[in-house]
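Heads up: the structure comes next, in structure tokens.
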Amino acid sequence: QVQLVESGGGLVQPGGSLRLSCAASGSIFSPYGMAWYRQAPGKQRELVAQIAVGGTTNYVDSVKGRFTISRNNAPNTVYLQMNILRPEDTAVYYCNTSPQTLPWGRGTQVTVSS
């Protein structure tokens, strides 16, 4: 079974940066669009950024201009560069296909706080 493993989260001050990575076992990325999602405490999981097979990207309005999604099909890795982080970016971040088709990984915690 394909497994997704997210990493790169941590505690950062407002205005700081983090780079998240997502690796998958098995060759599942290349024919699929991929995305990063996040879930803040008490809120529903939301799609944050997505990247199509051809490389076209799309972002939720709240992260436009601050976050950048990228992918590398060999190895199967998806990245999320997050700059100018805000406290409201605090959440557990997950990767998955877009739309979501795979089992969720454990995610990686991002905490933005002074």
Side-chain angles (χ1 to χ4, degrees):
Q1 186 177 11
V2 174
Q3 288 186 318
L4 298 168
V5 180
E6 300 91 349
S7 62
L11 173 63
V12 63
Q13 292 186 341
S17 298
L18 286 173
R19 188 185 193 221
L20 307 184
S21 298
C22 170
S25 59
S27 299
I28 57 93
F29 280 7
S30 54
Y32 293 95
M34 296 298 299
W36 283 94
Y37 304 78
R38 67 185 179 188
Q39 186 167 20
K43 295 187 177 181
Q44 289 190 332
R45 194 168 339 210
E46 65 170 344
L47 188 147
V48 175
Q50 54 187 349
I51 183 166
V53 172
T56 302
T57 58
N58 191 38
Y59 301 90
V60 68
D61 285 347
S62 60
V63 308
K64 283 181 180 177
R66 302 188 296 121
F67 290 11
T68 303
I69 187 172
S70 59
R71 66 188 294 164
N72 185 348
N73 291 334
N76 301 312
T77 310
V78 179
Y79 305 97
L80 186 67
Q81 178 66 45
M82 306 188 296
N83 299 326
I84 318 175
L85 283 161
R86 304 169 179 169
E88 54 263 39
D89 295 319
T90 296
V92 180
Y93 285 71
Y94 304 86
C95 70
N96 213 303
T97 55
S98 177
Q100 179 255 327
T101 61
L102 299 174
W104 293 104
R106 298 182 65 178
T108 186
Q109 175 71 48
V110 172
T111 302
V112 185
S113 174
S114 56

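Basis for what follows: all heavy atoms, side chains included, without hydrogens, waters or symmetry-related copies.
With a 6.0 Å cutoff to the six-membered ring centre and a 45° limit on the axis angle, Arg71 does not count as a cation-pi contact of Tyr79.
Not counting sequence neighbours, Ser113 has no partner by the side-chain hydrogen bond (donor to acceptor under 3.5 Å, both in side chains) test. Remark: Gln81 engages Asn83 in a side-chain hydrogen bond (donor to acceptor under 3.5 Å, both in side chains) (not counting sequence neighbours). Legend: residues meeting side-chain hydrogen bond (donor to acceptor under 3.5 Å, both in side chains) with Gln39, ordered by chain and number and at least two apart, are absent. In this view, Arg66 and Asp89 satisfy the salt bridge (charged side-chain N to carboxylate O under 4.0 Å, His left out) rule, not counting sequence neighbours. With sequence neighbours excluded, no residue forms a side-chain hydrogen bond (donor to acceptor under 3.5 Å, both in side chains) with Thr57. Val92 is linked by a side chain to side chain contact (heavy atoms under 4.5 Å, CB included) to Tyr94, Gln109, counting only residues two or more places apart in sequence or in another chain.
Here the CG atom belonging to Asn96 is positioned 5.0 Å from the CG atom belonging to Leu102, to the nearest 0.5 angstrom. The CH2 atom of Trp36 lies 4.5 Å from the CG atom of Leu20; values are rounded to the nearest 0.5 Å. Taking CZ of Phe67 as the start and OG of Ser17 as the end, the distance is 9.5 Å to the nearest 0.5 Å. In this structure, the separation between CG on Asn72 and OG1 on Thr77 is 6.0 Å, given to the nearest 0.5 Å. The SG atom of Cys22 sits 10.5 Å away from atom CG of Leu80, with the distance rounded to the nearest 0.5 Å.
In this structure, Ala24 and Val2 approach most closely via the heavy-atom pair CB-CG1, 4.4 Å.
Counted within 6.0 Å of CD on Gln3, heavy atoms from surrounding residues, nucleotides or ligands total 12 or fewer; the atom is thus considered open.
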- Query: What's the verdict on side chain to side chain contact (heavy atoms under 4.5 Å, CB included) for Ile51 and Thr56, showing C-alpha distance, side-chain angles and the deciding distance?
  - Reply: CA-CA 6 Å; Ile51 183 166; Thr56 302; over 6 Å; no
- Take Thr90 and Val110 through the test side chain to side chain contact (heavy atoms under 4.5 Å, CB included) and record every step on the way to the result. CA-CA 5 Å; Thr90 296; Val110 172; 5.8 Å; no
- Could you walk me through whether Ser98 and Leu47 pass the side chain to side chain contact (heavy atoms under 4.5 Å, CB included) test, one step at a time? CA-CA 9 Å; Ser98 177; Leu47 188 147; 4.2 Å; yes
- Item | side chain to side chain contact (heavy atoms under 4.5 Å, CB included) between Met34 and Thr97, intermediate numbers included | CA-CA 4 Å; Met34 296 298 299; Thr97 55; 3.8 Å; yes
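Annotation: salt bridge (Lys or Arg N to Asp or Glu O under 4.0 Å) contacts involving residues 42-54, sequence neighbours excluded, comprise Arg38-Glu46. Within the structure, every pair that satisfies the ring pair (Phe, Tyr, Trp, His ring centres under 6.0 Å) test and touches residues 37-62, not counting sequence neighbours, is listed here: Tyr37-Trp104. The stretch residues 49-64 participates, sequence neighbours left out, in these salt bridge (Lys or Arg N to Asp or Glu O under 4.0 Å) pairs: Asp61-Lys64. Among residues at least two apart or in separate chains, there is no salt bridge (Lys or Arg N to Asp or Glu O under 4.0 Å) pair with a member in residues 102-112.
Applying the under-4.5 Å side-chain rule to Ile, Leu, Val, Met, Phe, Trp and Tyr, the cluster around Val5 consists of that residue alone.
Looking only at atom types and distance, the side chain of Thr108 has no donor-acceptor partner in the side chain of Glu6 under 3.5 Å away.
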